[in-house]
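Structure record follows, encoded as C-alpha cells.
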Amino acid sequence: DTVLESIERERRSLALEDALPDELREDARADGVFDKTAADAVQEVVTLFEGFTRYQFGTLVPWHEEILRHRGRGVFQRLDEVDALFAEHVGTPISALVPKAVWSRLRVVFQQRHVLVHRQGIVDEQYLQRVPRARQQAGQRLVLSRRDAEQALAAFEAVVRGLAAATEASPARPAHMDDGEPGSDLT
C-alpha cells in the first residue's frame with residue numbers, strides 16, 4: 001500500500017458503521033467499537049507520519065544516516081523535532097507546507113496518540129497543557145470520535161500532498177513493509 005492508499009483504507013474503516021443496519025450499528029456503538037476504530041485511526045496517522053517522513057528525509061538528505069544517529073531513532077515520532085529536522089537539513093519545515101490549522105491538528109493528534117499508547121488512554125496534566133481545548137479532564141479516558149479520526153487523516157493527507165508538491169516527486173512510500181521500513185510511491 002502507498003501512504004494515500006493507507007489513508008483511504010482508514011477512511012473506509014471509519015465509514016463501515018454507515019453500512020450497518022440500525023440495530024447492529026447501535027449495538028456496536030454501545031460496545032465502543034466505533035470509538036476504538038477512531039482511536040486506532042488516530043494512532044495509525046502517527047505511524048504513517050513516522051514512516052513517511054523517515055522515508056522522505058532519507059530520500060532528500062544524502063547524509064541522513066549520520067544525522068539520525070545523533071538525533072535518535074524516535075525523532076520521527078516527535079512532530080516538532082521532525083519539523084526542525086526538515087527545516088535544518090531540507091531547507092523547509094514541514095509545517096510551512098500546510099495551513100497553520102493543519103499543523104495544529106497534527107499537534108493534537110500526536111498528543112492523543114501519546115495518551116492512547118503511553119497512558120492507556122487516560123488524560124493527564126501534560127496532555128491538558130499541550131491540548132488546552134481538550135474536552136476531558138485529568139484522569140478521564142480519552143474518547144475519540146469518527147470526526148476526530150477523519151480530521152487526523154485529512155491533516156496527514158495535507159502533509160503528504162504538501163511535501164510531494166514541494167519536492168515535485170512521488171515521495172510517499174508504502175505505509176508498512178515486513179522490514180519495518182516504508183516502501184514506494186504516492187499513488
Side-chain angles (χ1 to χ4, degrees), residues 1-56 76-80 82-83 94-123 127-128 130-137 140-166 171-176 182 185-187:
D1 291 347
T2 66
V3 172
L4 292 178
E5 289 170 342
S6 294
I7 291 169
E8 285 309 310
R9 183 180 53 250
E10 290 298 321
R11 286 183 173 135
R12 285 191 304 275
S13 179
L14 291 168
L16 283 175
E17 73 177 273
D18 299 337
L20 295 175
D22 291 343
E23 186 177 328
L24 186 55
R25 181 176 35 247
E26 291 313 310
D27 288 347
R29 187 178 323 283
D31 288 340
V33 171
F34 304 132
D35 296 341
K36 172 89 168 84
T37 303
D40 290 348
V42 166
Q43 290 181 68
E44 184 68 3
V45 164
V46 176
T47 300
L48 291 169
F49 180 92
E50 179 183 7
F52 174 72
T53 55
R54 180 183 307 278
Y55 172 76
Q56 289 303 306
F76 294 99
Q77 293 178 2
R78 296 183 295 274
L79 193 62
D80 291 334
V82 172
D83 203 34
I94 297 171
S95 61
L97 304 175
V98 295
K100 194 172 188 173
V102 167
W103 197 252
S104 293
R105 166 49 59 193
L106 281 176
R107 286 180 185 275
V108 170
V109 167
F110 271 66
Q111 291 307 310
Q112 290 169 333
R113 184 248 179 218
H114 182 82
V115 166
L116 292 168
V117 171
H118 300 291
R119 302 275 306 144
Q120 292 75 44
I122 304 300
V123 171
Y127 177 80
L128 295 175
R130 293 182 180 177
V131 184
R133 296 161 106 173
R135 299 180 297 248
Q136 297 82 13
Q137 296 177 10
Q140 290 183 321
R141 180 159 299 284
L142 179 64
V143 177
L144 299 174
S145 67
R146 178 177 175 179
R147 182 172 184 237
D148 293 325
E150 288 170 343
Q151 289 175 344
L153 291 163
F156 176 56
E157 181 178 0
V159 166
V160 171
R161 293 187 185 281
L163 194 52
R173 302 247 323 174
H176 305 286
D185 13 314
L186 186 64
T187 52

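Sequence positions, counted from 1, serve as the residue numbers for this chain. Predicted model, so just to flag it, every value in this text is computed and none were measured.
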For a 4.5 angstrom cut-off between non-hydrogen side-chain atoms, does [X] reach [Y]?
X	Y	value
Leu14	Phe34	no
Arg135	Gln140	no
Gln112	Val109	yes
Leu142	Leu116	yes
Val102	Phe156	no
Arg107	Asp80	yes
Gln136	Arg141	no
Phe110	Val45	no

Original post:
Should Arg147 and Glu150 count as an ion pair when the cut-off is N to O under 4.0 Å?
Top reply: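 Result for this pair is no, no salt bridge flagged.
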Original post:
Less than 4.0 Å between a side-chain N and a carboxylate O, is that true for Glu157 and Arg161?
Top reply: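 Yes, Arg161 and Glu157 are salt-bridged.
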Is there a donor-acceptor pair under 3.5 Å between the side chain of [X] and the backbone N or O of [Y]?
X	Y	answer
Glu44	Ala41	no
Asp83	Ser95	yes
Arg25	Leu20	yes

Original post:
What do the steps show when you test Phe76 against Phe52 for ring-ring contact (aromatic ring centres under 6.0 Å, His included), and what is the final call?
Top reply: CA-CA 9 Å; Phe76 294 99; Phe52 174 72; over 10 Å; no
Original post:
Do you know the tightest heavy-atom contact between Ala134 and Leu128?
Top reply: CB-CD2, 3.8 Å
Original post:
Strictly by modelled atom types, are Asp40 and Thr37 linked by a side-chain donor-acceptor pair under 3.5 Å?
Top reply: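 No.
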Subject >> Flag for Arg105-Gln151: side-chain donor and acceptor within less than 3.5 Å >> reply: yes
